[in-house]
Amino acid sequence: MHRSASRLTRVLACAAVPVILTVAGCSSDSGKDTGSKGEKTSGSSSSAKPNPKSSKTLEKATFAALPDPCKALQAPTIETLVPEVKDKNGQAPKSNDVATRTSCAWNGLDADGLKGSQFRWLSLSFFRYDSDAALGSANKRAEEQYNKEIETAKSEEGAQAPKAEAVAGVGDQATSVIYTVKKDVDSFNTSIVARAQNVVVRLDYNGAAYEGAGAPDHAKLLQDAITAAKEAVTSVDAANKAPAEQPQSPQPQ
């Protein structure tokens with residue numbers, strides 16, 4: 001009787017094993033299915049295609065720096081355009097941002113006794129742009145500013161019959177704007193707007209005569225302004241060149 005009971009116990013134990021394994025197997029498979037579905041969902045999200053517009057690469061700006069506007073023109077140029085200049089070093093506004101926007105101005109009154117006086121005013125401004133995904137390439141933004149400066153020059157207060165003409169040989173593109181302003185005396189105004197890649201240069205040059213002096217020669221004012229504008233554009237390139245390596249002194253043997 002004792003032996004029969006032991007055999008019965010072993011049979012029942014063996015019969016229970018498949019049941020336990022089956023339950024465990026179902027539990028394990030359920031976990032795998034859940035994990036698999038979770039991984040599939042995650043993979044679908046991560047494999048989404050990138051927006052081609054957001055990944056578009058814009059050209060790198062050619063010029064990364066601006067010259068010092070008060071040093072962009074050589075001393076002889078300043079003396080020619082502004083005789084008896086009040087401050088050879090020029091006057092720069094506190095709002096200058098050497099990375100994106102700078103300007104400097106000079107003025108002088110050349111008095112010649114009974115022959116009257118000649119007044120000259122010169123201003124030089126630089127605008128630099130970087131490429132921006134939302135605003136466009138550096139050159140495109142500079143071209144927009146270039147066109148804006150031309151329209152601004154043509155619409156200056158008191159400008160009479162402004163005339164704009166293309167100027168060759170100054171940067172990538174350049175335009176001159178000339179007009180006269182009549183106040184107490186006739187003031188002859190000349191603006192040269194030029195673009196060199198991602199930098200815009202604007203030079204304003206005005207002349208007026210006082211106390212019976214002869215009126216300034218507008219054609220000469222224009223030619224002097226173009227010459228100075230060429231020099232200003234050249235200074236942009238110079239400001240972005242790495243300093244030349246200094247020659248090494250020979251070492252003593």
Do Phe63 and Asp237 have side chains that get closer than 4.5 Å, going by heavy atoms?
-> yes
Taking all non-hydrogen atoms of both residues, which atom of Ser187 and which atom of Ala208 are closest, and how far apart?
-> CA-CB, 4.3 Å
Decide yes or no on salt bridge (Lys or Arg N to Asp or Glu O under 4.0 Å) for Glu151 and Lys154, but give the supporting numbers first.
-> CA-CA 5 Å; Glu151 292 305 313; Lys154 290 164 61 178; 3.5 Å; yes
Please report the shortest heavy-atom distance between Ala209 and Gly214, naming the atom on each side.
-> CB-O, 3.3 Å
Between atom CZ of Arg202 and atom OG of Ser125, what is the distance when rounded to the nearest 0.5 Å?
-> 7.5 Å
Taking only residues at least two apart or on different chains, which pairs with a member in residues 101-113 satisfy side-chain hydrogen bond (donor to acceptor under 3.5 Å, both in side chains)?
-> none
Thr77: side chain to side chain donor-acceptor pair (under 3.5 Å) partners, not counting sequence neighbours | Glu231
What residues, two or more places apart in sequence or in another chain, satisfy side-chain contact (heavy atoms from CB on, under 4.5 Å) together with Lys60?
-> none
Would Leu124 and Val233 show up in the same hydrophobic cluster when neighbours are defined by side-chain heavy atoms closer than 4.5 Å?
-> yes
Are Leu81 and Ile226 co-members of a hydrophobic cluster defined by side-chain heavy atoms under 4.5 Å apart?
-> yes
What residues form a side chain to side chain donor-acceptor pair (under 3.5 Å) with Gln173, not counting sequence neighbours?
-> Arg195
If you look at every heavy atom in Val170 and Ala194, which pair is closest and at what distance?
-> CG1-CB, 3.7 Å
Compare every heavy atom of Ala142 with every heavy atom of Val199, then report the nearest pair and how far apart it is.
-> N-CB, 4.1 Å
Under 3.5 Å: donor-acceptor pair, side chain of Asn206, backbone of Asp204 = no
What about Ile150 and Ile178, same hydrophobic cluster or not, with Ile/Leu/Val/Met/Phe/Trp/Tyr joined at side-chain heavy-atom distances under 4.5 Å?
-> no
Are the side chain of Asn96 and the backbone of Val98 linked by a donor-acceptor contact shorter than 3.5 Å?
-> no
Checking side-chain contact (heavy atoms from CB on, under 4.5 Å) for the pair Leu122/Leu73: CA distance, chi angles, key distance, verdict?
-> CA-CA 11 Å; Leu122 174 67; Leu73 299 179; 3.9 Å; yes
Are any of the side-chain heavy atoms of Val181 and Glu156 separated by less than 4.5 Å?
-> no
Kindly give the heavy-atom pair with the smallest separation between Leu58 and Gly136, and that separation in Å.
-> CD1-O, 3.8 Å
If you measure from CG on Leu222 to NE2 on His218, what distance do you get to the nearest 0.5 Å?
-> 7.0 Å
Those residues at least two apart in sequence (or on a different chain) that pass ring pair (Phe, Tyr, Trp, His ring centres under 6.0 Å) with Phe119 are none
Rounded to the nearest 0.5 Å, the CD atom of Gln223 sits from the OG1 atom of Thr190 at a distance of 10.5 Å
Straight-line distance of Cys70 SG to Asp87 CG, nearest 0.5 Å | 8.5 Å
Side chain proximity check, Val193 to Val200, heavy atoms < 4.5 angstrom | yes
Any Pro216 side-chain heavy atom under 4.5 Å of Arg120 side chain = yes
Linked, directly or transitively: Ile192 and Phe127 (ILVMFWY side chains, under 4.5 Å) | no
Sequence neighbours excluded - side-chain hydrogen bond (donor to acceptor under 3.5 Å, both in side chains) pairs with any residue from residues 129-146 | Arg128-Asp130, Tyr129-Gln145, Asn139-Gln197, Lys140-Glu144, Gln145-Glu149, Tyr146-Thr175
Minimum side-chain heavy-atom gap Phe126-Ser235 below 4.5 Å = yes
